[in-house]
Trainee: 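Here you go, one structure.
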Protein chains: 2
Amino acid sequence: MLRTLPKPDATMLRRLAMFQGLDEAALRDVLGAGQVRALAEGSTIFIQGDPGTTCHLLLSGRVKIQQTGADGRQSVIRFIGPEEMYGTLAMFLKGGYPGDAVAVTDGVEIVWSAQAMRALMHRHPQIAQNALAMLGDRLQDLQSRVGELSTQRVESRLAHAILRLVEQAGRPRDGRVVIDFPLTRRDLAEMTGTTLHTVSRTLSAWEGRGIVEGGHRRKLVVLDVPALKAVVEEER
Amino acid sequence: MLRTLPKPDATMLRRLAMFQGLDEAALRDVLGAGQVRALAEGSTIFIQGDPGTTCHLLLSGRVKIQQTGADGRQSVIRFIGPEEMYGTLAMFLKGGYPGDAVAVTDGVEIVWSAQAMRALMHRHPQIAQNALAMLGDRLQDLQSRVGELSTQRVESRLAHAILRLVEQAGRPRDGRVVIDFPLTRRDLAEMTGTTLHTVSRTLSAWEGRGIVEGGHRRKLVVLDVPALKAVVEEER
DNA sequence: CGACGACGTTGCGCTGGCGCAAACGCGCGC
DNA sequence: GCGCGCGTTTGCGCCAGCGCAACGTCGTCG
């Protein structure tokens with residue numbers, strides 16, 4: 001598993017927000033500083049609280065970031081898809097990684113040591129600028145979620161969460177949208193701040209109305225995206 | 001109001017996380033690029049959605065950052081106290097300022113244009129690094145609040161919010177802690193994602209138990225900090 | 001191939017907290 | 001000094017959603 005895999009083309013990095021505005025040579029420099037490795041489904045990549053010593057770029061597969069609160073309650077912070085970075089800010093945080101990272105499917109990623117990334121940022125200040133902009137976006141996103149959590153009701157929040165997943169990981173397939181990685185009711189509950197019971201009930205109701213189709217685990221099919229959007233908009 | 005006021009000592013900046021690790025000359029450079037100005041109670045400093053063209057450092061007084069959601073619902077993001085910066089990330093955000101900033105008391109601040117701040121970051125890369133670390137902290141804080149909002153109940157959230165205020169703006173006064181800037185029940189409600197009714201009820205209850213003392217508006221006195229902490233910890 | 005375990009579904013009762021509504025008190029402006 | 005208005009308090013009814021619990025279903029491993 002720790003065997004080094006062949007590296008992808010440096011031009012791939014150009015698509016990433018993190019490496020915007022870098023020239024060819026810089027991209028090769030960036031790529032050269034990282035290690036490619038495989039991720040096995042279910043394996044833990046880093047653990048909440050550990051000092052942030054790595055930066056990750058997922059090439060394929062899917063990774064779940066989850067947090068355990070002081071009271072032991074879990075919450076799912078986000079899902080990472082191909083060509084997304086994660087664990088990047090931990091190197092700047094006193095508390096280390098803010099959550100656990102677990103591979104929910106097999107996958108491949110590039111890893112940089114925090115040291116290497118710091119050196120890269122030093123050699124190419126544009127990266128730090130980009131990181132700042134990305135963090136800003138994340139912050140904004142989180143802030144909107146705070147607003148959402150406190151004002152919307154469960155149904156809206158769930159609809160919103162699923163729409164995010166559709167946006168990020170949805171695979172259109174003759175009119176429907178398929179989210180085909182292991183996504184439990186518990187995950188959805190922890191993403192929306194509710195219980196798996198309520199998620200199950202709501203999803204059942206939607207299934208009855210032809211909005212979604214819940215395969216039993218590891219698959220969620222959205223039949224009617226507009227209907228979900230309607231649920232989000234729904235005034236109380 | 002737009003009259004330029006005398007600038008404070010450059011060494012003051014050294015206390016700020018944003019300017020850690022800068023030498024004397026750099027601090028003077030930073031200070032020189034900003035403008036000092038007065039803030040009148042009730043005045044609006046910037047408006048949600050406007051392009052982020054300024055960075056602010058509050059010297060005295062108190063500023064409230066609030067957000068209006070798509071559904072028109074308001075939420076209070078945070079309160080700014082002396083020696084805190086705000087509006088700093090808006091220059092990196094596509095959406096401009098993420099919220100409105102309103103002075104809740106008279107005050108004095110330093111303002112930099114986004115241009116000037118960008119130039120400063122370019123001349124002193126350490127500032128960008130510091131900004132990254134600060135953003136990271138903010139992100140972490142927000143993430144914990146997301147968890148809190150979704151799992152804790154109103155009472156805990158309210159207690160937590162008040163404790164934050166005590167921490168940040170509390171003035172110890174013979175055993176009690178006084179928060180002496182205009183803080184309405186509505187503000188507290190919008191900070192904790194509840195209604196002013198529930199806040200009022202809860203505060204009344206606490207008043208009965210000798211935990212707080214609610215002056216009618218513009219003042220909140222916390223008599224028993226440990227009791228509040230106990231409320232936060234309280235298992236369901 | 002049978003049993004176990006993880007995940008999902010559903011019913012039921014309870015309650016925290018919201019919406020509505022009315023009354024009150026403090027401070028401000030006239 | 002008087003009245004008006006904002007902020008607050010409090011009562012009441014209601015319902016979304018949680019906790020508990022039992023049951024169903026699928027995948028897996030011995």
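So that the names make sense, note that chain A is the first sequence line, chain B the second, and so on, each numbered from 1. Reckoned from all heavy atoms, side chains included, excluding hydrogens, waters and symmetry mates.
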Trainee: Is there a side-chain polar atom (N or O) of B:Ser200 under 4.0 Å from OP1 or OP2 of D:dT9?
Mentor: yes
Trainee: Any salt bridge linking A:Glu190 with A:Arg186? Criterion: basic side-chain nitrogen under 4.0 Å from a carboxylate oxygen.
Mentor: yes
Trainee: Within this structure, what is the CG-to-C1' distance between B:Leu196 and D:dC6, rounded to whole angstrom?
Mentor: 12 Å
Trainee: Calculate the interatomic distance between B:Trp206 atom CH2 and D:dT9 atom C1'; express it in whole Å.
Mentor: 17 Å
Trainee: Just how far, in rounded Å, is P of D:dG7 from CG of B:Asp187?
Mentor: 9 Å
Trainee: Just to be sure I understand the geometry, which residues of residues 159-166 of chain B put a non-hydrogen atom under 4.0 Å away from DNA chain D?
Mentor: none
Trainee: In whole angstrom, what separates A:Leu188's CG from D:dG17's P?
Mentor: 16 Å
Trainee: Any donor-acceptor pair under 3.5 Å joining the side chain of A:Arg201 to the base of C:dG11?
Mentor: yes
Trainee: How many Å lie between CZ on A:Arg185 and C1' on D:dC26, as a whole number?
Mentor: 13 Å
Trainee: Checking B:Gln152 against B:His160: is there a side-chain donor and acceptor pair closer than 3.5 Å?
Mentor: no
Trainee: Please compare A:His197 and A:Glu155 by the position of their nearest nucleotide in DNA chain D and report the one closer to 5'.
Mentor: A:Glu155
Trainee: Compute the angle between the rotation axes at the two ends of the helix from C:dC1-D:dG30 to C:dC30-D:dG1, each taken over five pairs, rounded to 10 degrees.
Mentor: 40°
Trainee: Whole angstroms only, please: what is the CD-P distance between A:Gln152 and C:dG17?
Mentor: 19 Å
Trainee: Looking at C:dT9, C:dG16, C:dC18, which one has an atom nearest to any side-chain atom of B:Thr195?
Mentor: C:dC18
Trainee: Side chain of B:Arg153, heavy atoms from C-beta onward: which of C:dG17, D:dT9, D:dA16 has the nearest atom to it?
Mentor: C:dG17
Trainee: Could you tell me whether the side chains of A:Thr68 and A:Gln74 share a donor-acceptor contact shorter than 3.5 Å?
Mentor: yes
Trainee: Keeping the roles fixed (side chain from A:Asp100, backbone from A:Gln48), state whether a donor-acceptor pair exists under 3.5 Å.
Mentor: yes
Trainee: What I want to check is whether the side chains of A:Glu84 and A:Gln168 have a donor and an acceptor closer together than 3.5 Å.
Mentor: yes
Trainee: Considering every strand and a 4.0 Å limit on heavy-atom distances, what is the contact class for A:Ser204: base, sugar-phosphate, or nothing?
Mentor: sugar-phosphate
Trainee: Report yes if a side-chain nitrogen or oxygen of B:Thr198 is closer than 4.0 Å to either non-bridging phosphate oxygen (OP1 or OP2) of C:dC18; otherwise report no.
Mentor: yes
Trainee: Just how far, in rounded Å, is P of D:dC18 from CD of A:Glu190?
Mentor: 13 Å
Trainee: Taking CD from B:Glu207 and P from D:dT10, how many angstroms apart are they, rounded to a whole number?
Mentor: 8 Å
Trainee: Rounded to the nearest 0.5 Å, what's the gap from CE on B:Met191 to CZ on B:Arg145? Could you check?
Mentor: 6.0 Å
Trainee: Verify whether one side chain among A:Glu155 and A:Thr202 offers a donor that lies under 3.5 Å from an acceptor in the other.
Mentor: no
Trainee: Check every atom of D:dT10, C:dG8, D:dG17 against the side chain of A:Thr184 and return the nucleotide holding the closest atom.
Mentor: C:dG8
Trainee: To check you understand the geometry: which heavy-atom pair defines the closest contact between A:Ile77 and A:Gln67, and what is its length?
Mentor: CD1-OE1, 3.5 Å
Trainee: Do NZ/NE/NH1/NH2 and the carboxylate oxygens of B:Arg164 and B:Asp141 come within less than 4.0 Å?
Mentor: yes
Trainee: Checking the side chain of A:Thr151 only, and the main-chain atoms of A:Gly147 only, is there a donor and an acceptor separated by less than 3.5 Å?
Mentor: yes
